[in-house]
Novice: 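This structure is in structure tokens; I'll ask about it shortly.
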Amino acid sequence: MPTTLPDSVSPAPPRRGRRKEARPGELLEAALDLFVEKGFAATKVDEVAVRAGVSKGTLFLYFPSKEDLFKAVVRQNIAGRFAEWDLELETFEGTSCELVEYCFQSWWERVGSTKASGLGKLILSEANNFPEIARFYRQEVVEPGHRLVRRILQRGIDRGEFRALDLDHAIYLVLAPLMFLMFSQPSMSLCIPDPDKFSPQEYIRLQAENVLQGLLVRPAQVRPA
């Protein structure tokens, strides 16, 4: 009996002479595509293997379960980058206003404009059915992200550039505009009536500017020299 592939899965072209060390990356790329396209529950490991052009057995050599595969996808695309972002914060030499603007733009370039932005939407829609992966995402993405934003705001306060704020709540001034942009994709037309005229880059610029207007020390609050 001939074997057919699901209509939704496009097999990868043959990759002769593929280096063994390249396979995990190819599997993670295929898994990211499918998780974002279909969700966690609907994605089958067989489909990931087909998309990557390897056997199911090869996939399990690297990732023992679908949960392990999903966690590896999140780590490669988001969670694993916090060390890099923490270092950038430590070495940033500009003002805190410039740092906030840089963070907004950097988030868009590295996460928001990429397929990885769909991972947050996936977690939001499937968290109740898969509490373990929701817990993992909170620990490795949400909590480190909150800590990073908190450090950015605290830097501005310590330098006298930002007014004193309740940081437990102020972090959402920064996160909320980014979350809107992330969750509006790829169904932007549901949130924005005329998406063809909407520029994510301009939105990011205006939101950073708006956030900074609320953060900056006001003239009457300037500390005496």
Novice: Got a donor-acceptor contact below 3.5 angstrom from the S113 side chain to the W108 backbone?
Specialist: yes
Novice: Return the minimal non-hydrogen interatomic distance between L216 and C97, and the atom names on each side.
Specialist: CD2-SG, 3.1 Å
Novice: Test of understanding: with salt bridge (charged side-chain N to carboxylate O under 4.0 Å, His left out), list the residues that count as partners of E126, not counting sequence neighbours.
Specialist: none
Novice: So, taking the atom named CD1 in I123 and the one named CG in N128, what distance separates them when rounded to the nearest 0.5 Å?
Specialist: 11.0 Å
Novice: Any idea which heavy atoms bring I152 and L89 closest together, and the distance?
Specialist: CG1-CD1, 4.0 Å
Novice: Could you report the tightest heavy-atom contact between G156 and S96, atom names first, then the distance?
Specialist: CA-OG, 3.2 Å
Novice: Quick one: list whatever passes ring pair (Phe, Tyr, Trp, His ring centres under 6.0 Å) with F70, sequence neighbours left out.
Specialist: F35, F40
Novice: Measure across L59 and L69 and return the closest heavy-atom pair with its distance rounded to 0.1 Å.
Specialist: CD1-CD2, 4.4 Å
Novice: For V45 and F63, what are the C-alpha separation, side-chain angles and deciding distance, and is it a side-chain contact (heavy atoms from CB on, under 4.5 Å)?
Specialist: CA-CA 10 Å; V45 292; F63 310 104; over 6 Å; no
Novice: Sequence neighbours left out, what passes side chain to side chain contact (heavy atoms under 4.5 Å, CB included) with S199? Give chain and number order.
Specialist: Q201, E202
Novice: Going by salt bridge (charged side-chain N to carboxylate O under 4.0 Å, His left out), name the residues that satisfy it together with E29, two or more places apart in sequence or in a different chain.
Specialist: none
Novice: Nearest 0.5 Å, please: how far is CG in L173 from NE2 in H169?
Specialist: 10.5 Å
Novice: Between T43 and L34 (side chain of the first, backbone of the second, donor and acceptor by atom type, cut-off under 3.5 Å), is there such a pair?
Specialist: yes
Novice: So, taking the atom named CD1 in I157 and the one named CG in L165, what distance separates them when rounded to the nearest 0.5 Å?
Specialist: 5.0 Å
Novice: Output all residues satisfying ring pair (Phe, Tyr, Trp, His ring centres under 6.0 Å) with W85, sequence neighbours left out; order by chain, then residue number.
Specialist: F82
Novice: With L178, which residues qualify under side chain to side chain contact (heavy atoms under 4.5 Å, CB included), at least two apart?
Specialist: F104, W107, I204
Novice: Could you go step by step and tell me if D86 and R151 meet the side-chain contact (heavy atoms from CB on, under 4.5 Å) rule?
Specialist: CA-CA 9 Å; D86 284 336; R151 289 178 61 205; 3.2 Å; yes
Novice: Taking ring pair (Phe, Tyr, Trp, His ring centres under 6.0 Å) as the definition, give me every residue that meets it alongside F180, ordered by chain and number, with sequence neighbours left out.
Specialist: Y203
Novice: Could you list the residues that satisfy salt bridge (charged side-chain N to carboxylate O under 4.0 Å, His left out) with E209, not counting sequence neighbours?
Specialist: R205
Novice: Quick one: does T95's side chain get under 4.5 Å of E161's, heavy atoms only?
Specialist: yes
Novice: Kindly compute the distance separating CD1 (I171) from CZ (R150), expressed to the nearest 0.5 Å.
Specialist: 7.0 Å
Novice: How long is the straight-line distance from CG of D166 back to CG of L153, given to the nearest 0.5 Å?
Specialist: 11.0 Å
Novice: Compare all side-chain heavy atoms of R110 with those of E84 and state whether any distance is below 4.5 angstrom.
Specialist: yes
Novice: Applying side chain to side chain contact (heavy atoms under 4.5 Å, CB included), can you list everything that pairs with T58, at least two apart in sequence or on another chain?
Specialist: R23, V54, S55, Y62
Novice: Check side chain to side chain contact (heavy atoms under 4.5 Å, CB included) between F92 and all other residues, then give those that pass, not counting sequence neighbours.
Specialist: E98, L99, Y102, R155
Novice: Do any N or O atoms from the side chain of N77 and from the backbone of V73 form a donor-acceptor pair under 3.5 angstrom?
Specialist: yes
Novice: Please name the pair of heavy atoms, one in A127 and one in A134, separated by the smallest distance, quoted to 0.1 Å.
Specialist: CB-CB, 3.7 Å
Novice: Name all pairs fulfilling the salt bridge (Lys or Arg N to Asp or Glu O under 4.0 Å) condition that reach into residues 61-71, sequence neighbours left out, sorted by first residue then second.
Specialist: K71-E132
Novice: Can you give each donor-acceptor pair under 3.5 Å made by side-chain atoms of residues 137-149, sequence neighbours left out, with the distance rounded to 0.1 Å?
Specialist:
unit_1	atom_1	unit_2	atom_2	d
E140	OE1	R75	NE	3.1
E140	OE2	R75	NE	3.4
E140	OE2	R75	NH2	2.8

Novice: Should F198 and M179 be counted in the same cluster of Ile, Leu, Val, Met, Phe, Trp and Tyr side chains packed under 4.5 Å apart?
Specialist: yes
Novice: Show, in sequence, the C-alpha distance, side-chain angles and deciding distance for Q105 and E109, and conclude whether the side chain to side chain donor-acceptor pair (under 3.5 Å) test is met.
Specialist: CA-CA 6 Å; Q105 187 61 39; E109 292 173 355; 3.2 Å; yes
Novice: Taking NZ, NE, NH1 and NH2 as the nitrogens, is one of them in E37 or R51 under 4.0 Å from a carboxylate oxygen of the other?
Specialist: yes
Novice: What are the two closest heavy atoms between L32 and A116, and how far apart are they?
Specialist: CD1-CA, 4.2 Å
Novice: Please round to the nearest 0.5 Å and tell me the distance separating atom SG of C103 and atom CD of E88.
Specialist: 8.0 Å
